[in-house]
Q: 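Mind having a look at this structure? Questions to follow.
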Amino acid sequence: MKLALHWQVLIGMVAGVLFGLVTRNTGLDIGWISLIADGFMRLLRMVIVPLIFLSIVHGVAGIGDGRSIGRLGAKTLGWYTLSSFMAILVGLTLVNIIRPGDGFTMPAGAEPMDPERAQAPDSILEQLVEDLIPLNPVGAAADGEILGLIFFSICIGAAIGVMSGPSGEFLRNGFGAGFQAIMKLTTWVIRLLPLGVFALLTRTVNDLGIDLLQQIVKYMLTIAGGLAVHFLVVLPALLFLFMRKNPLDHYRAMGSAMAMAFSTSSSSATLPMTMKCVRERVGASNKVTSFVLPMGATVNMDGTALFECAGALFIAQALGADLSFTTQAIVVLTALLASVGAAAIPSAGLVMIFIVLEAIGLNTPEAYALAGVMLSVDRPLDMFRTMVNITSDSVGAAVIAKSEGEKLNY
Ligand code: ASP
């Protein structure tokens, strides 16, 4: 009997954590494990650009008229905003109740965050327009600029969708075939997931900087608590509200993608798996899957949004800064923008926190120093936020698929 993939992944995770503890304590060389982890991440990244391009063009070309694309777009943006906003409210509430920053003393030997890395872009909206509309779509694809690639793919997919006659038919069939090929390749890469997860977690546990842990445990618990509330209460409640279905069925269907997000800390590396689970296990159409998920992986980040809000307020509390209603309102809005702008890669959320800090006038050396401390414990938090990020994308896809009259598997 063959063990289901999610069980294999779970075994890989547990083995990875245990083996990481062993190598950490024995000083065993993990060079070859690092090689496997890097190789696996490279394979995932190898499929992302063609997967996004082919799936969106194929999906959008199949939607047909512009009105349907507009309707799907409006629902998708509606979901992104609603779910991220709810996540921010959870973070805001917890940080005000727990107040993790009060009385915080900087641990001795804390390294400030490199200001180069901490540089927030001048205007996030300007940045968004630049990221969204590529001057050269091929260049965007070559440089891995995902938002630009998505935008171009939607446009060309819409054009192919309205083409009539044999040329339109030919292109639609061709892209359909290309999409099948890339899904096949993705399936092969995903078969390596248990091994990849094992290697990634061994390395993470082996390298984890836990020396500063006690100092900052309240902060970590606040973020982790907020993520847990959003993951276990808010998203299931939204799912039930919109779909009248048992949320557990959805979570079960997404298990492998969640485990992968947890192990890779990257929504974009997880995207092939998220798409596979939503299409095959949740049962959403390719049209909805390829519209909602690739964009969601880069734009809709509930866990990151929660973190931007709670993390910035933690810094403000620790530095004894003003926390009036207006300040908190600014934090809420900029946290939403920062989560939209954050790249779907490890620790991108922490870099974007400077946008929030800048908006409330806290872009100071003390704040950099605190961000440095936060960076040293960011990995485990990032693992949880990435899991929350992709879960929200998948719930959105299910809700939207149902609203389009699709019949799901649960
Ligand atoms: N690692 C997260 C993701 O890829 C982004 C973040 O750092 O919050 O979804």
Side-chain angles (χ1 to χ4, degrees), residues 78-102 104 213 216-255 257-259 261-262 265 267 270 274 296 299-318 323 325 328-329 331-336 338-340 342 349-350 352-353 356 374 377-399:
W79 173 263
Y80 292 169
T81 316
L82 172 74
S83 65
S84 299
F85 198 63
M86 300 279 286
I88 292 176
L89 290 186
V90 172
L92 184 72
T93 312
L94 280 195
V95 89
N96 275 298
I97 296 175
I98 302 177
R99 304 197 59 85
D102 282 2
F104 181 83
L213 226 57
I216 204 169
V217 95
K218 211 166 157 194
Y219 152 80
M220 293 179 77
L221 285 180
T222 309
I223 305 279
L227 292 172
V229 169
H230 193 68
F231 183 75
L232 298 173
V233 181
V234 178
L235 285 176
L238 287 175
L239 198 126
F240 183 74
L241 197 76
F242 286 111
M243 301 185 58
R244 306 272 153 209
K245 290 279 188 242
N246 182 353
L248 262 184
D249 290 336
H250 181 87
Y251 277 52
R252 224 176 272 132
M254 294 305 300
M258 289 173 185
F262 188 78
S265 283
S267 303
T270 311
T274 317
V299 168
N300 179 43
M301 296 190 178
D302 290 14
T304 306
L306 186 152
F307 168 78
E308 301 297 342
C309 172
L313 288 177
F314 160 72
I315 293 183
Q317 284 172 356
L323 281 174
F325 179 78
Q328 302 214 20
V331 169
V332 167
L333 283 181
T334 44
L336 189 65
S339 74
V340 170
L350 189 58
M352 292 306 275
I353 213 163
V356 185
M374 287 157 77
V377 294
D378 196 49
R379 185 67 186 204
L381 295 178
D382 195 12
M383 294 159 103
F384 283 110
R385 5 182 236 271
T386 309
M387 193 168 93
V388 173
N389 290 347
I390 67 107
T391 304
S392 165
D393 297 338
S394 74
V395 173
V399 167

Q: When you look at Ile223 and Met374, which way does the side chain to side chain contact (heavy atoms under 4.5 Å, CB included) test go after all the steps?
A: CA-CA 11 Å; Ile223 305 279; Met374 287 157 77; over 6 Å; no

Q: Just by modelled atom types, is the Asn389 backbone N or O under 3.5 Å from a matching donor or acceptor in the Asp302 side chain?
A: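 Answer holds: no.
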
Q: Stepwise, does the side chain to side chain contact (heavy atoms under 4.5 Å, CB included) test hold for Gln328 with Leu92?
A: CA-CA 8 Å; Gln328 302 214 20; Leu92 184 72; 3.1 Å; yes

Q: Passes side chain to side chain contact (heavy atoms under 4.5 Å, CB included), Val90 versus Val234? Steps please.
A: CA-CA 9 Å; Val90 172; Val234 178; 3.8 Å; yes

Q: Quick one: pull up CE in Met220 and CG in Asp378 and give me the separation to the nearest 0.5 Å.
A: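 So the gap between those two atoms works out to 8.5 Å.
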
Q: Please name the pair of heavy atoms, one in Leu235 and one in Trp79, separated by the smallest distance, quoted to 0.1 Å.
A: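 Shortest heavy-atom contact: CD2-CZ2, 4.1 Å.
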
Q: Could Arg379 and Asp382 be called an ion pair, given the rule that one side-chain N must be under 4.0 Å from one carboxylate O?
A: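 Salt bridge flag = no for Asp382 with Arg379.
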
Q: Let me have the donor-acceptor pairs involving side chains of residues 240-248, under 3.5 Å, with sequence neighbours excluded, atom names and distances please.
A:
unit_1	atom_1	unit_2	atom_2	d
Asn246	OD1	Leu248	N	3.0

Q: Please report the shortest heavy-atom distance between Ala342 and Met301, naming the atom on each side.
A: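 Shortest heavy-atom separation between Ala342 and Met301 comes out as O-CE, 3.4 Å.
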
Q: Just verifying a value: how many Å separate His230 NE2 and Phe384 CZ, rounded to the nearest 0.5 Å?
A: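 Those atoms lie 15.0 Å apart.
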
Q: Tyr251 and Phe231: aromatic ring centres closer than 6.0 Å?
A: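 Between Tyr251 and Phe231, the centre distance is under 6.0 Å.
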
Q: How long is the span from the CD1 atom in Ile390 to the CE atom in Met258, to the nearest 0.5 Å?
A: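 One gets 6.0 Å once the value is rounded to the nearest 0.5 Å.
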
Q: Could you report the tightest heavy-atom contact between Leu94 and Gly225, atom names first, then the distance?
A: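 Reported closest heavy-atom pair: CD1-C, 3.6 Å.
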
Q: From Leu381 CG over to Thr304 OG1, what is the distance, rounded to the nearest 0.5 angstrom?
A: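 Answer for the CG-OG1 pair, Leu381 versus Thr304, is 11.0 Å.
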
Q: Step by step, would you call Ser83 with Val395 a side chain to side chain contact (heavy atoms under 4.5 Å, CB included)?
A: CA-CA 10 Å; Ser83 65; Val395 173; over 6 Å; no

Q: Measuring from atom OG1 of Thr93 to atom CD1 of Ile88, what distance do you get when rounded to the nearest 0.5 angstrom?
A: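 Here the interatomic distance stands at 11.5 Å.
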
Q: Would you call Leu227 and Phe307 a side-chain contact if the rule is heavy atoms closer than 4.5 Å?
A: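 Counting from C-beta outward, Leu227 and Phe307 never come under 4.5 Å.
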
Q: So, Ser339 versus Ser84: side-chain donor-acceptor pair below 3.5 Å or not?
A: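 Looking only at side-chain atoms, Ser84 and Ser339 do not form any donor-acceptor pair under 3.5 Å.
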
Q: Can you list, pair by pair, the side-chain donor-acceptor contacts under 3.5 Å of residues 308-318, counting residues two or more places apart and other chains?
A:
unit_1	atom_1	unit_2	atom_2	d
Glu308	OE1	Ile353	N	3.3
Gln317	OE1	Gly101	N	3.0
Gln317	NE2	Val95	O	3.1

Q: Looking at Ser392 and Val388, would you say the former's side chain and the latter's main chain have a donor-acceptor pair under 3.5 Å?
A: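 Not a single qualifying donor-acceptor pair exists.
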
Q: Look up atom NZ in Lys218 and atom CG in Asp102, then write down how far apart they are to the nearest 0.5 Å.
A: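 Here the interatomic distance stands at 6.5 Å.
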
Q: Would you call Leu238 and Leu82 a side-chain contact if the rule is heavy atoms closer than 4.5 Å?
A: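 Heavy-atom side-chain distance check passes, below 4.5 Å.
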
